[in-house]
Amino acid sequence: MNVLVLNAGSSSLKFQLIVTDSDRIERSTDVRLLRGEVEHFGPEAQIAIHGESSRKFTAALPDIPSALDFVIRWIASDQSGVAEVQSPSDIHAVGHRVVHGGERFTESAVITDDVLQGIEDCAELAPLHNPNNIAGIRAVRTLLGVTAPQVAVFDTSFHHTLPEHAYLYAIPYDLYPRHRIRRYGFHGTSHRYVSYRYRVLRGLTQEQTHVITLHLGNGCSVAAIRNGHPIDTSMGMTPLEGLVMGTRSGDLDPAIINFVCSKENVSSREVETMLDTQSGLLGISGVSSDMRVLLEKRATNPRAALAVEIFCYRVRKYIGAYLAAMGGADAVVFTGGIGENSAEIRSQICSGIEWTGLSLDNTKNETFSGTETLISLEGSRLAAYVIPTDEELLIARDTVRCILGEPHPS
Ligand code: ADP
């Protein structure tokens, strides 16, 4: 099936066109025909396409529907060079990354009117994200009609196995049934993908899979996976909790919010925006949210060095906490832009936790070149791997499975 995978955001639309079938187990048999993004919706939106040849252009695309219309027409045109799609009807299915599935969506779902309503019901839990996903779904309905069934793959659903003691906050209990305030967790597609690849690499069953997965990108989260299922994760009711991220604070004392409101004479909404967009690596360093820039500057800029140290320290703390929560693990897996690309950060995170049984193989860590690799020494009691994430592939496969009505794999 030719599956168009979409990730619709407030100012950008990311897409990939993937050929996959449900019986394709190994990633090498899937074919990625094209990927790209439309950024900065407006009179001069920027479009980048990466396929056989890379293309960049600008066009007036003010919103998600116009961007999607452009992308679908372009894929079906001769210019794209995609022989498999001669007309929009050759797009057989569309898979959407949907950020919040609340408690209802414990697995991916074919989008019916009822499912769409369910995604709308979750919008108050993810007001910055779900409305864009919904706009993408509606736009596909208008542009492709019923010829292309659509599937929603939720960031939250992999974490539905969290036990009550891990997902409940220690606040008055009634707030949970009344307002659904609890930990949901995010990046589920990535944690699920890399834990699955880890299991395949080591030839383990799901029951035998005890691993801590570290998704370190712009957004960062950790999952504690026991017997193949998450038993805890660092992001909470929203993606703000947990690790230090590019611009998000992660964990903090909730009393800080009111304190900042009164001291700086700002509203709680403004403080929340500050915690979301001006904190984390950017907030501490005052330089950049991009780890590459901080690593470059840290020799001469003490605050850049401090941001990196706080980032690594927080990850280390979570590894220790999750080892305790899980009663031990067999491996940690690094993924995401930082986790996959920075040997320095992987090394700094792992330094000082040799007591866990983790001995990094420095040569392997430094020479990692994009393929799934063991980066700890043979015989290390706690192993370390780098496994590049591939959320789009997992979304494409889930899309096919859901449409064919095949059982949801774990
Ligand atoms: P997202 O969370 O938005 O999916 P990514 O997983 O693509 O983001 O991660 C993007 C981040 O990865 C960048 O902001 C940058 O900080 C980091 N990154 C990418 N390459 C490197 C590198 N070589 N060294 C350190 N950090 C890197």
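Counting starts at 1 for both ligands and their atoms, following the listed order. Note: hydrogens, waters and symmetry copies are ignored here, and every other heavy atom, side chains too, is used. Because the structure is a prediction, the values reported are computed rather than measured.
At least one heavy atom of Gly219 sits closer than 4.0 Å to an atom of ligand 1.
Set against the non-hydrogen atoms of Gly217, the atoms of ligand 1 under 4.0 Å away are 2 (O), 5 (P), 6 (O), 9 (O). Within the listing of ligand 1, atoms 6 (O) sit less than 4.0 angstrom from a heavy atom of Gly336. Heavy-atom proximity to Ser342, at under 4.0 Å, picks out these atoms of ligand 1: 24 (N), 25 (C).
Looking at His191 and Thr335, their side chains never bring a donor and an acceptor atom within 3.5 Å of each other.
Looking at ligand 1, you won't find any N or O of Ser289 less than 3.5 Å from one of its N or O atoms. Checked against a 3.5 angstrom limit, the closest N/O atoms of Met291 and ligand 1 fall inside it.
Checked for salt-bridge contact, Asp390 and Arg32 meet the test: a charged N lies under 4.0 Å from a carboxylate O. One finds a salt bridge joining Glu344 and Arg298 here, because a Lys/Arg side-chain nitrogen approaches an Asp/Glu carboxylate oxygen to under 4.0 Å.
In terms of protein heavy-atom proximity, atom 6 (O) of ligand 1 is nearest to Gly337 N, 2.8 Å. Ile338 CG1, 3.4 Å is the protein heavy atom nearest to atom 17 (C) of ligand 1. Arg292 CG, 3.6 Å is the protein heavy atom nearest to atom 27 (C) of ligand 1. Nearest non-hydrogen protein atom to atom 3 (O) of ligand 1 is Asn218 ND2, 3.1 Å. Ranking the protein heavy atoms by distance from atom 4 (O) of ligand 1 puts His215 NE2, 4.8 Å first.
Counting protein heavy atoms under 4.0 angstrom from atom 14 (O) of ligand 1 gives one or more.
A donor-acceptor pair is defined here as one N or O able to donate and one able to accept, closer than 3.5 Å; such a pair exists between the side chain of His100 and the backbone of Gly102.
Here ring pair (Phe, Tyr, Trp, His ring centres under 6.0 Å) pairs that include residues 322-380, with residues two or more places apart or in two chains, are Tyr318-Tyr322.
Atom OH of Tyr169 sits about 7.5 Å away from atom CE of Met237, to the nearest 0.5 Å.
For the pair Lys297/Val287, a side-chain contact is recorded, criterion being any heavy-atom separation below 4.5 Å from C-beta on.
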task = Start with the C-alpha distance between Arg182 and Glu164, add both sets of side-chain angles, then the distance that settles salt bridge (Lys or Arg N to Asp or Glu O under 4.0 Å), and finish with yes or no.
result = CA-CA 9 Å; Arg182 52 159 284 181; Glu164 218 175 17; over 6 Å; no

